[in-house]
Structures are given as C-alpha cells and as structure tokens.
**Q** 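Below is the structure I would like to discuss, written out as structure tokens.
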Amino acid sequence: MRRHTDIVEAWIVLAVWTVIALGGTLVGLVTAHAADESFAQLRRERHSVPAVLMESTFGAVPTGEGTAPERVRAKVRWTASDGSTRTGRTLVDSGRKAGSKVVIWMNSQGQLAAEPPTAGAAAAEAALFGTGAALAFGGLTFAAGRLAQWRLDQQRYDQWGREWDQAGPQWGRKAA
C-alpha cells in the first residue's frame, strides 16, 4: 500500500539532498571566492612602511585583540609619503627596544592598519568561510526538509485518528 503522503515524502527527501549537494556547493564556492577577493583587495590597498619604535616592548602586555601573543601595541614614528614625520600606535613584535626599526602597515588613506593576510592565509580563511557557509546552508535546508516531513507525519496521525474513530467502535463486534 502506498499513500500519497509517502510519495510526497520521498520527493521531499530527494529535493532536500539535491539542494544540499548542489546549493551547498554553490554557496560555499561563492562565499570562498568573495572572501578571497576581499582579502586580495586588502593586500592591494595596504602597503608596508619602515618605522622606528619609540618605546621598548619588553614586558609589554599583549593587547588581547585577537592578535598573536607576541604582538603588542606600541608607539612608532615614520615618514609619510608627503615627507612629514608622523607618530602613532600600532601592533609590533614584543621584545624590541626603543629605536628599533620595525615595519608598519598603512591603508590607502595613509592611516595605520593591520597587516593584510598573506595569500596562503587568505586562501585558508576563505576556504573555512566557504565551508562554514556551505554547512550553514545545508543545515537550514535539512531543517526545512525535516519540518516538511514533520507536517506530513502530523497529517498521517490525523488521518489515522479519523480512521480509528470510524473503525474503533466496530472493533471486536461479531458479524451478524
């Protein structure tokens, strides 16, 4: 015996797994590509500038801003593209003495910025973003499919209840 809801459920399962496989792949690839392009833009917009450390970083407390523990915020001095001398605070390696030469990073507006990720680090992070997006899409699609299956189960329970209400009173009666 095959009910209409069984056929619908089979199509739901097929559709859900098809959407997860194809849609998840597409979402993952698009997300990874967008993230990689964003990181590439950061690498194009930022440039390194030589600077001089104005304070010692021995024993400095790490910033706690998600940076590596060997990076601390310190005051630096550099020469801007217009020839003027500038100072500011940025992340540098710890364990350096005042007067040490360091490399700092500037954005396209001439402001201090974080070092952009290397091409390899950017590719790895983009792959993680793509995988996360694909998994999130797959999870949402699976949840939607389970919700549809739950609704079908509820319809079947209601139908069984109605059928039992009709057959139940006749159960156990002797045929005349």
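For reference, positions follow the sequence shown, starting with 1.
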**Q** Under the side-chain hydrogen bond (donor to acceptor under 3.5 Å, both in side chains) rule, collect the residues that match up with Gln149, sequence neighbours excluded.
**A** Glu9, Arg146
**Q** Could you identify which residues cluster with Leu152, counting Ile, Leu, Val, Met, Phe, Trp and Tyr as linked when any side-chain heavy atoms lie under 4.5 Å apart, either directly or through a chain of such contacts?
**A** Val8, Ile12, Val13, Val16, Trp17, Ile20, Phe142
**Q** List the residues meeting side chain to side chain contact (heavy atoms under 4.5 Å, CB included) with Thr131, not counting sequence neighbours, and say none if there are none.
**A** Leu135
**Q** For Thr5, which residues count as a side-chain hydrogen bond (donor to acceptor under 3.5 Å, both in side chains) partner, sequence neighbours excluded?
**A** Arg156
**Q** Output the rest of the hydrophobic cluster of Trp105: all Ile, Leu, Val, Met, Phe, Trp and Tyr residues reachable through side-chain heavy-atom contacts under 4.5 Å, sorted by chain and number.
**A** Val103
**Q** So, taking the atom named CZ in Arg46 and the one named CG in Asn107, what distance separates them when rounded to the nearest 0.5 Å?
**A** 6.5 Å
**Q** Decide side chain to side chain contact (heavy atoms under 4.5 Å, CB included) for Arg71 and Asp93; before the verdict, give the C-alpha distance in whole Å, the side-chain angles of both, and the deciding distance to 0.1 Å.
**A** CA-CA 5 Å; Arg71 306 277 290 173; Asp93 293 334; 3.1 Å; yes
**Q** So does Gly99 get a backbone contact from the side chain of Arg77, meaning a donor-acceptor N/O pair under 3.5 Å?
**A** no
**Q** Considering residues, nucleotides and ligands other than Arg151, do more than 12 of their heavy atoms fall under 6.0 Å from its CZ?
**A** no
**Q** Looking at Ala122 and Arg43, what are the two nearest heavy atoms and their distance?
**A** CB-NH1, 3.3 Å
**Q** Quick check: closest heavy atoms across Gly28 and Ala134, and the distance to 0.1 Å?
**A** CA-CB, 4.0 Å
**Q** Can you name the side-chain hydrogen bond (donor to acceptor under 3.5 Å, both in side chains) partners of Glu37, sequence neighbours left out?
**A** Arg44
**Q** Sequence neighbours excluded, which residues qualify as side chain to side chain contact (heavy atoms under 4.5 Å, CB included) partners of His47?
**A** Val49, Met106
**Q** Quick check: does any side chain N or O of Thr25 sit under 3.5 Å from a backbone N or O of Ala21, one acting as donor and the other as acceptor?
**A** yes
**Q** Quick one: side chain to side chain donor-acceptor pair (under 3.5 Å) pairs with a partner in residues 112-126, sequence neighbours left out?
**A** none
**Q** Taking only residues two or more places apart in sequence, or in another chain, which ones meet Ser84 in a side-chain hydrogen bond (donor to acceptor under 3.5 Å, both in side chains)?
**A** Asp82, Arg86
**Q** Only counting residues at least two apart or in another chain, list the ones meeting side chain to side chain contact (heavy atoms under 4.5 Å, CB included) with Phe137.
**A** Val19, Val27, Thr141
**Q** May I ask you to test the Ser100-Lys97 pair for a side-chain heavy-atom distance under 4.5 Å?
**A** yes
**Q** Closest approach of Thr90 and Ala113, non-hydrogen atoms and distance?
**A** OG1-O, 4.3 Å
**Q** Taking all atoms of both residues into account, what is the closest heavy-atom pair of Trp78 and Gly88, and its distance?
**A** CZ3-N, 3.5 Å
**Q** Got a list of side-chain donor-acceptor pairs under 3.5 Å for residues 158-169, not counting sequence neighbours?
**A**
from   : atom 1 : to     : atom 2 : distance (Å)
Gln159 : NE2    : Glu163 : OE2    : 3.1

**Q** Which heavy atom of Leu53 sits nearest to which heavy atom of Thr57, and what is that distance?
**A** CD2-CG2, 3.9 Å
**Q** Does Val52 belong to the same Ile/Leu/Val/Met/Phe/Trp/Tyr cluster as Ile104, with side-chain heavy atoms less than 4.5 Å apart forming each link?
**A** no
**Q** Identify, with sequence neighbours excluded, every residue that meets side chain to side chain contact (heavy atoms under 4.5 Å, CB included) alongside Ala35.
**A** Phe39, Ala126, Phe129
